[in-house]
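Quantities reported herein were computed from a predicted structural model and do not represent experimental measurements.
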Amino acid sequence: MDDPLQADLFADPTAVQEASPASGFQPPPTRGRAHALRRRVADHGPRALAESETLELLLVHSAPRGPHPALLAGALLARFGSLAQVFGATLPELALVVGEPVAVELKLLHDLVLRVLEFRVRKRCLLSSWAAVNAYLKASLGGRTREAFRVLYLDKANQLIADELMGEGTVDHAPVYPREVMRRALELAASACCLVHNHPSGSASPSSADIEMTRRVVEAGRALGVAIHDHFLVAGDEVVSFKALGLM
């Protein structure tokens with residue numbers, strides 16, 4: 001762990017506790033606490049746990065020698081706001097709160113969820129699989145703290161060839177280059193695309209810049225015979241279709 005701030009925060013339970021909204025409370029011993037949470041899940045199902053408790057139980061094995069998992073969970077939720085935003089955070093952002101080893105495990109868990117959801121999307125016509133696409137996009141982009149622009153490249157049967165990040169930026173802007181979108185489409189022999197970007201602010205209203213960018217990509221695709229079926233805007237737990245809004 002090269003960053004001394006990360007090392008100090010992870011190694012010092014006081015630092016994590018001060019970052020937690022539960023500052024001053026003494027959590028019960030980890031083993032007994034974990035057993036109680038597992039028992040509740042076994043008896044009543046996963047939704048019997050609050051977000052903080054779910055995260056706490058996941059952290060039991062990720063940080064066996066660090067601060068108490070309840071303190072780590074509290075610090076993460078205090079910093080990012082929700083479980084979705086914790087998993088949507090970048091590895092460096094997570095590492096500043098819980099250290100790099102725990103951050104890596106959290107990102108691996110998020111990737112595992114995305115792979116499961118992506119499995120439901122692949123080998124199916126995306127245009128007739130809205131529920132699966134909706135779940136995949138929310139898990140992929142719903143919790144991100146920075147705006148990102150992705151492209152779903154499709155074959156002739158409108159099945160997913162690749163989901164690729166084409167631009168990542170600030171909290172309210174990600175650079176988009178229509179020529180790069182089309183260049184990659186030609187490399188993949190894609191027949192069509194769906195554009196995707198997120199609004200970290202939670203606003204589900206496309207901006208004028210979003211609409212203009214979409215028009216430029218559609219025009220570039222038309223010139224090369226690559227159809228742009230839709231542009232999806234992910235805003236927290238909501239996914240909006242530009243086509244459904246009559247914007248393309």
query = Nearest heavy-atom pair of A103 and A95: which atoms, and what distance?
reply = CB-N, 3.6 Å

query = For residues 214-229, which residue pairs qualify under salt bridge (Lys or Arg N to Asp or Glu O under 4.0 Å), counting only residues two or more places apart or in two chains?
reply = E212-R215, R215-E219

key: Check: V196 and V239 side chains under 4.5 Å, non-hydrogen atoms   = no

query = Would you find a donor on one side and an acceptor on the other, under 3.5 Å apart, between the side chain of Y153 and the backbone of A189?
reply = no

ask   = Listed by chain and number, what are the side-chain hydrogen bond (donor to acceptor under 3.5 Å, both in side chains) partners of S82, not counting sequence neighbours?
value = Q85

message = For S191, is there any backbone N or O sitting under 3.5 Å from a side-chain donor or acceptor partner on D155?
response = no

request  = Mind jotting down which residue pairs meet the side chain to side chain donor-acceptor pair (under 3.5 Å) criterion with at least one end in residues 239-248? Sequence neighbours excluded, please.
outcome  = D230-S241

ask   = Can you name the ring-ring contact (aromatic ring centres under 6.0 Å, His included) partners of F87, sequence neighbours left out?
value = none

query = Between M248 and H231, which heavy-atom pair has the shortest distance, and what is it?
reply = SD-N, 3.5 Å

Side-chain donor-acceptor pairs of residues 135-142 under 3.5 Å, sequence neighbours excluded:
residue : atom : partner : partner atom : Å
Y136    : OH   : E118    : OE1          : 3.4
Y136    : OH   : D163    : OD2          : 2.5

request  = Please tell me if the side chains of E51 and V86 come closer than 4.5 Å, counting only heavy atoms from C-beta onward.
outcome  = no

request  = Could I get the full list of side-chain hydrogen bond (donor to acceptor under 3.5 Å, both in side chains) partners for T90, not counting sequence neighbours?
outcome  = E93

ask   = Taking only residues two or more places apart in sequence or in another chain, which ones pass side-chain hydrogen bond (donor to acceptor under 3.5 Å, both in side chains) with N134?
value = none

task = Spell out, as yes or no, whether a donor-acceptor pair under 3.5 Å connects the side chain of H199 to the backbone of S201.
result = no

note = Under a side-chain separation threshold of 4.5 Å, the hydrophobic residues clustered together with L108 are L91, V104

ask   = Is any side-chain heavy atom of L57 closer than 4.5 Å to a side-chain heavy atom of E53?
value = no

task = Answer yes or no: is there a side-chain heavy-atom contact under 4.5 Å between L76 and L106?
result = yes

ask   = Does any non-hydrogen side-chain atom of L59 lie less than 4.5 Å from one of V98?
value = no

remark   = Looking only at heavy atoms, the pair that brings C194 and L154 closest together is SG-CD1, 4.2 Å

inquiry  = Test of understanding: with side-chain contact (heavy atoms from CB on, under 4.5 Å), list the residues that count as partners of L247, not counting sequence neighbours.
reply    = P206, I211, F242, L245

request  = Of all the heavy-atom pairs spanning N198 and A148, show the shortest one and how long it is.
outcome  = OD1-N, 2.6 Å

task = Determine, for R115 against D111, whether the closest basic-nitrogen to carboxylate-oxygen distance falls under 4.0 angstrom.
result = yes

ask   = Under a 4.5 Å cut-off applied to non-hydrogen side-chain atoms, are R150 and H197 in contact?
value = no

message = Tell me the closest heavy-atom pair linking A185 and C193, and the distance in Å.
response = CB-SG, 4.4 Å

query = Which pairs pass salt bridge (Lys or Arg N to Asp or Glu O under 4.0 Å) with one or both residues in residues 185-211, sequence neighbours excluded?
reply = R183-E187, R184-E187

message = Can you tell me how far apart OG (S203) and CG (L233) are? Round to the nearest 0.5 Å.
response = 7.5 Å

Tell me which donor-acceptor pairs under 3.5 Å the side chains of residues 41-50 have, and how far apart each pair is, sequence neighbours excluded?
residue : atom : partner : partner atom : Å
D43     : OD1  : R39     : NE           : 3.3
D43     : OD1  : R39     : NH2          : 3.0
D43     : OD2  : R39     : NE           : 3.4

inquiry  = When you compare the side chain of V217 with that of P178, does any pair of heavy atoms fall below 4.5 Å?
reply    = yes

inquiry  = Run R38 and V60 through side-chain contact (heavy atoms from CB on, under 4.5 Å) and show every step you take.
reply    = CA-CA 11 Å; R38 291 193 188 100; V60 167; 4.3 Å; yes

task = For F80, check ring-ring contact (aromatic ring centres under 6.0 Å, His included) against everything at least two apart and list the hits.
result = none

key: Residue pair I161 / L188: nearest heavy atoms and the distance that separates them   = CD1-O, 3.9 Å

